[in-house]
Amino acid sequence: KWQETEATEGQFTYTLADQEVALAQANKMQVRGHNLVWATGEQVPSWVFLEADGTTPLSASNPADVQLLTQRIQNHIQNLVQHFGTAVYVWDVVNEPLDPSQPDCLAHGPFYQVLGASYIDIALKAARQYAPPGTELFINDYSLTDQNRLRCMIRLVRRLEQHHVPLDGIGHEMHT
């Protein structure tokens, strides 16, 4: 998660994650990367949503802010997927993007507030660009057995398909 791997912009820390991946590899286990971008902004450091001065929140009305957040998403994803390479066979690129109470079915978290729905496209395209060939890219969400959430996921997947955004699968998160 972003907070654990890049708490400070451009300073990546992989000590614990590297140990976990090494353990999995030593035991012939596959590793699923979770997650590159959490739609709600959970476990994402606050600097991600601030201008370079560190105090002013990013704004959708400022083209420089839109460009900055896009670049931060791309840089973060590039660093993670290239660091882990083929050790991670699938990435949950975008986590929990759905909100059935919204007209567009999407959570209006901090990424959305600056980039709109395009943050999903940006993240998936960056993951495809930088991940090793054969790496699978997923969107992950919970309670897809709920018909409203499922309809929202179908709507999102269709939009992504129409815009030729890479997506290999859907992760169905559940806590039992």
Side-chain angles (χ1 to χ4, degrees), residues 1-58 65-98 106-115 117-142 160 165-175:
K1 295 179 179 144
W2 202 316
Q3 180 66 41
E4 300 303 318
T5 56
E6 191 185 8
T8 303
E9 187 168 13
Q11 296 179 15
F12 291 86
T13 304
Y14 294 114
T15 306
L16 181 57
D18 284 343
Q19 291 171 359
E20 292 169 343
V21 168
L23 177 66
Q25 290 177 319
N27 289 283
K28 298 180 175 56
M29 299 167 68
Q30 291 185 310
V31 177
R32 178 185 194 101
H34 179 80
N35 61 60
L36 296 173
V37 174
W38 199 330
T40 62
E42 286 191 53
Q43 298 187 42
V44 177
S46 60
W47 65 261
V48 174
F49 307 110
L50 297 174
E51 290 185 4
D53 68 9
T55 60
T56 309
L58 296 177
D65 288 355
V66 169
Q67 183 179 4
L68 180 59
L69 185 56
T70 298
Q71 182 181 31
R72 285 175 172 167
I73 291 169
Q74 292 168 334
N75 290 344
H76 181 73
I77 289 173
Q78 178 182 9
N79 198 290
L80 263 71
V81 300
Q82 288 181 343
H83 175 83
F84 290 106
T86 58
V88 174
Y89 80 102
V90 61
W91 282 99
D92 289 331
V93 178
V94 179
N95 189 48
E96 300 178 3
L98 303 180
L106 297 175
H108 290 195
F111 291 103
Y112 185 98
Q113 290 170 18
V114 177
L115 300 172
S118 72
Y119 83 91
I120 298 170
D121 306 31
I122 292 164
L124 285 162
K125 287 177 180 179
R128 178 62 78 223
Q129 178 180 352
Y130 297 117
T135 304
E136 295 179 19
L137 308 179
F138 276 51
I139 290 177
N140 183 66
D141 216 307
Y142 62 91
L160 294 171
V165 176
L167 179 67
D168 299 310
I170 307 299
H172 176 70
E173 179 180 334
M174 56 188 285
H175 301 263

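- Put simply, the side chain of P97 reaches to within 4.5 Å of the side chain of I139, judged on heavy atoms.
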Between H83 and F12, is a side-chain contact (heavy atoms from CB on, under 4.5 Å) present by the stated rule, with each step listed?
CA-CA 10 Å; H83 175 83; F12 291 86; over 6 Å; no
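- Residues N79 and T5 fail the side-chain proximity criterion, which asks for heavy atoms closer than 4.5 Å.
- To the nearest 0.5 Å, atom CE of residue M29 and atom CG of residue L23 are 7.0 Å apart.
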Run the side-chain contact (heavy atoms from CB on, under 4.5 Å) test on L50 and T55 for me, step by step, so that the C-alpha distance in whole Å, both residues' side-chain angles and the decisive distance to 0.1 Å come before the verdict.
CA-CA 6 Å; L50 297 174; T55 60; over 6 Å; no
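- Nearest heavy-atom pair, V94 versus A123, reported as atom, atom and distance to 0.1 Å: CG2-CB, 3.9 Å.
- Remark: the backbone N or O of E9 is not paired with any side-chain donor or acceptor of R72 at under 3.5 angstrom.
- Q67 places no side-chain N or O within donor-acceptor distance of the main-chain N or O of Q71, the cut-off being under 3.5 Å.
- Looking at D92 and K1, no side-chain N of the basic residue comes within less than 4.0 Å of a carboxylate O on the acidic one, giving no salt bridge.
- In this structure, V81 and L36 have side chains that are in contact, with non-hydrogen atoms separated by less than 4.5 Å.
- Note that CH2 of W47 and CD of E6 are 4.0 Å apart. Values are rounded to the nearest 0.5 Å.
- Annotation: the span from S118 atom OG to L69 atom CG amounts to 9.0 Å, rounded to 0.5 Å.
- By the 30° and 60° cut-offs, the orientation of the rings of Y14 relative to F84 is perpendicular.
- Contact detail for P45 and A7: the closest heavy-atom pair is CB-O, 3.7 Å.
- In this structure, Y89 and R32 have side chains that are in contact, with non-hydrogen atoms separated by less than 4.5 Å.
- A 4.5 Å side-chain heavy-atom check between T13 and E4 finds every atom pair outside the cut-off.
- The two residues G33 and V88 make their nearest non-hydrogen contact at N-CG1, 3.4 Å.
- No donor-acceptor pair under 3.5 Å is formed between the side chain of D168 and the backbone N or O of F138.
- Using modelled atom types, one side-chain atom of R128 and one backbone atom of T135 make a donor-acceptor pair closer than 3.5 Å.
- The shortest side-chain heavy-atom distance between L16 and Q19 falls under the 4.5 Å cut-off.
- The structure places CG of N75 at 10.5 Å from OG1 of T70, a figure rounded to the nearest 0.5 Å.
- Side-chain contact between Q43 and N35 is absent, with no heavy-atom pair separated by less than 4.5 Å.
- Distance check, rounded to the nearest 0.5 Å: OG1 of T40 to CG of L98 gives 12.0 Å.
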Take I122 and I77 through the side-chain contact (heavy atoms from CB on, under 4.5 Å) test and state the conclusion after the steps.
CA-CA 10 Å; I122 292 164; I77 289 173; over 6 Å; no
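- Ring geometry for Y119 against F111 counts as parallel: the plane angle stays under 30°, on a 0 to 90° scale with 60° as the upper cut.
- Between I120 and L106 there is a side-chain heavy-atom pair separated by less than 4.5 Å.
- The two residues E96 and A107 have their closest heavy-atom pair at O-CB, 4.2 Å.
- Of all non-hydrogen atoms in V114 and D65, the two that sit nearest each other are CG1-O, 4.2 Å.
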Verdict with reasoning, L58 to E51, per side-chain contact (heavy atoms from CB on, under 4.5 Å):
CA-CA 6 Å; L58 296 177; E51 290 185 4; 3.8 Å; yes
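- K125 and P166 make their closest contact through CG-CD, 3.9 Å (heavy atoms, listed as atom of the first residue, atom of the second, distance).
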